[in-house]
**Student:** 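Provided herewith is a single structure, encoded as structure tokens, for subsequent inquiry.
Sequence lines set the chain letters: A, B, ... in the order given, protein chains first and strands last, and positions in each chain run from 1.
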Protein chains: 2
Amino acid sequence: MTKGNNLKRDMILDAAYHLFISKGYLDTKIIDIADAAGIGKGTVYEYFESKDAIFFELFQTKVAAGYDSLSELLSKEISCEKKIREYLDIELENAAKYTFNKNFLMDLMMKSDAFRNPELIKSIHRLIGKKFSILHKIIEEGINGGEFRNADPLLASVTVMGAINFYISFDYSPFDPMEFLPVQKTNAWNKEEFFSLLLHGLKECTP
Amino acid sequence: MTKGNNLKRDMILDAAYHLFISKGYLDTKIIDIADAAGIGKGTVYEYFESKDAIFFELFQTKVAAGYDSLSELLSKEISCEKKIREYLDIELENAAKYTFNKNFLMDLMMKSDAFRNPELIKSIHRLIGKKFSILHKIIEEGINGGEFRNADPLLASVTVMGAINFYISFDYSPFDPMEFLPVQKTNAWNKEEFFSLLLHGLKECTP
DNA sequence: CGATACTGACCCACGGGTCAGAAATACAAA
DNA sequence: TTTGTATTTCTGACCCGTGGGTCAGTATCG
């Protein structure tokens, strides 16, 4: 294990990465990774201990790293509305960059305890916790400062995060609204209006 | 297959049902179902064709049936706000009744194409489509009638449905906010305030 | 005693992981 | 430059645990 040829190591990572995001963790087999990298199955294990280890490294370098800039949000001298907007931007940027498919998102967010690697589970929970706590702090600050309406910050965070998650996963979900409604999925991808809905909800402002 | 003893058949269904909602589809093995029902593994196959068939029947009778009353919502003579409120009530009622755990929800909503049974996949998509189209119609009506603010109904539906789904799954998710914030998960379970957030968003009404 | 119900040992496909040998590479001696 | 040899890298046939599904034999019932 851990051979010196880092170029080949990167090829394996790259092949695995594209398979994981297009087919998901469970549906990606080691032989698929080896084939995609143009090497034999055994060679994979010369560079990585296990399938988990490959996923773990990708999670750290590709996924978690995308949220590094999130922490800086809190100390910025901008309104909380602007902070949430930047939070949304970071989420959308990551979604576009990694083009998460439904399986990948699912593996990551929900099925994390299907993995055996406790280190990986901890990392995933830590990332979710980081995202959630930052959003929570922004909203709490907005409420305490009078910028947002008086609400339970935890509940507001759940609402906003749920809406954002679904908004992001909508395009990658197997669900096609055209089967049931005369509307196109792509219509939903309007960031300005989505943000406006998060801030102002459904009801018109009628004092 | 299809023996006459419907009592035993129900015992198998009941055992499978509780295992599916507590452990999820993938983590529930046939032998687990047989053990829980107090019978041998082979007997399961005297009453059901496959594991899929058991899940399919449970999905139809337990899950999809919980949304039967959803269709009546559209023709009711009440405001759109009230309709959304009743929509939310139905979702919460189902969530409480079946105590979906994260795996079950996930299996159902996201991993539907992991099943081989095309009939089941169709049913799951049909249920999601039904829920989505009803919510969409309510919101569309509210916007056209001037009750809601002017927005894209599809985008508004995505926002509301995302928030509701996350709100419901929050309690069953592996994520514990206490690890990152001095808040209790249970605080989030406040239906009135959640509904208010859906309608009015984060911003105070300041004309 | 025939029909029906039940059972668990068995079958088999699958896929993560292993390892003895093959191939490639590095390098020293001729 | 060629040859010989040690070392590293590569490989796929093989191993093995898992779990859905089968079926010949047994138990129970009418």
**Student:** Measure from CG on B:Leu7 to C1' on C:dT4 and round the result to the nearest Å.
**Tutor:**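 So the CG-C1' distance, B:Leu7 to C:dT4, works out to 17 Å.
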**Student:** Are side-chain N/O atoms of A:Tyr47 and A:Asp10 paired as donor and acceptor at under 3.5 Å?
**Tutor:** no
**Student:** Determine, for nucleotides 21-30 of chain D in 5'-to-3' order, which nucleotides have protein heavy atoms under 4.0 Å from the base (write B), from only the sugar-phosphate (write S), or from neither (write -).
**Tutor:** BB--------
**Student:** Pairs of donor and acceptor atoms involving the side chains of residues 31-40 of chain A, under 3.5 Å and at least two apart or interchain, shall be tabulated with distances.
**Tutor:**
residue: A:Asp32; atom: OD2; partner: A:Lys23; partner atom: NZ; Å: 3.3
residue: A:Asp32; atom: OD2; partner: A:Lys29; partner atom: N; Å: 3.0

**Student:** Do the non-hydrogen side-chain atoms of A:Leu73 and A:Lys137 ever get within less than 4.5 Å of each other?
**Tutor:** no
**Student:** Side chains of A:Glu91 and A:Tyr67: do they bring a donor and an acceptor to under 3.5 Å?
**Tutor:** yes
**Student:** Between B:Arg85 and B:Glu192, is there a salt bridge with N-O shorter than 4.0 Å?
**Tutor:** yes
**Student:** Could you tell me the separation between the NZ atom of A:Lys29 and the P atom of C:dA13, rounded to a whole number of Å?
**Tutor:**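 The answer, rounded to whole Å, is 16 Å.
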**Student:** Measure CD1/B:Ile31 against C1'/D:dT18 and give the value in whole Å, please.
**Tutor:**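 Taking atom C1' of D:dT18 as the reference, CD1 of B:Ile31 is at 13 Å.
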**Student:** For B:Arg9 and C:dA5, what is the distance between atoms CZ and P respectively, to the nearest whole Å?
**Tutor:**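 So the two atoms are 13 Å apart, to the nearest Å.
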**Student:** When rounded to the nearest 0.5 angstrom, what is the spacing between NZ in B:Lys131 and CD1 in B:Ile90?
**Tutor:**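 The NZ atom of B:Lys131 sits 10.5 Å away from the CD1 atom of B:Ile90.
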**Student:** Just how far, in rounded Å, is C1' of C:dG16 from CZ of A:Phe55?
**Tutor:** 16 Å
**Student:** Quickly work out the B:Asp35 CG to D:dG19 P distance and round it to whole Å.
**Tutor:** 13 Å
**Student:** Atom CZ of B:Phe48 to atom C1' of D:dG20: distance rounded to whole Å?
**Tutor:**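 My rounded result for the distance is 16 Å.
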**Student:** Whole angstrom is fine here: how far is it from CD1 in B:Ile39 over to P in C:dC6?
**Tutor:** 8 Å
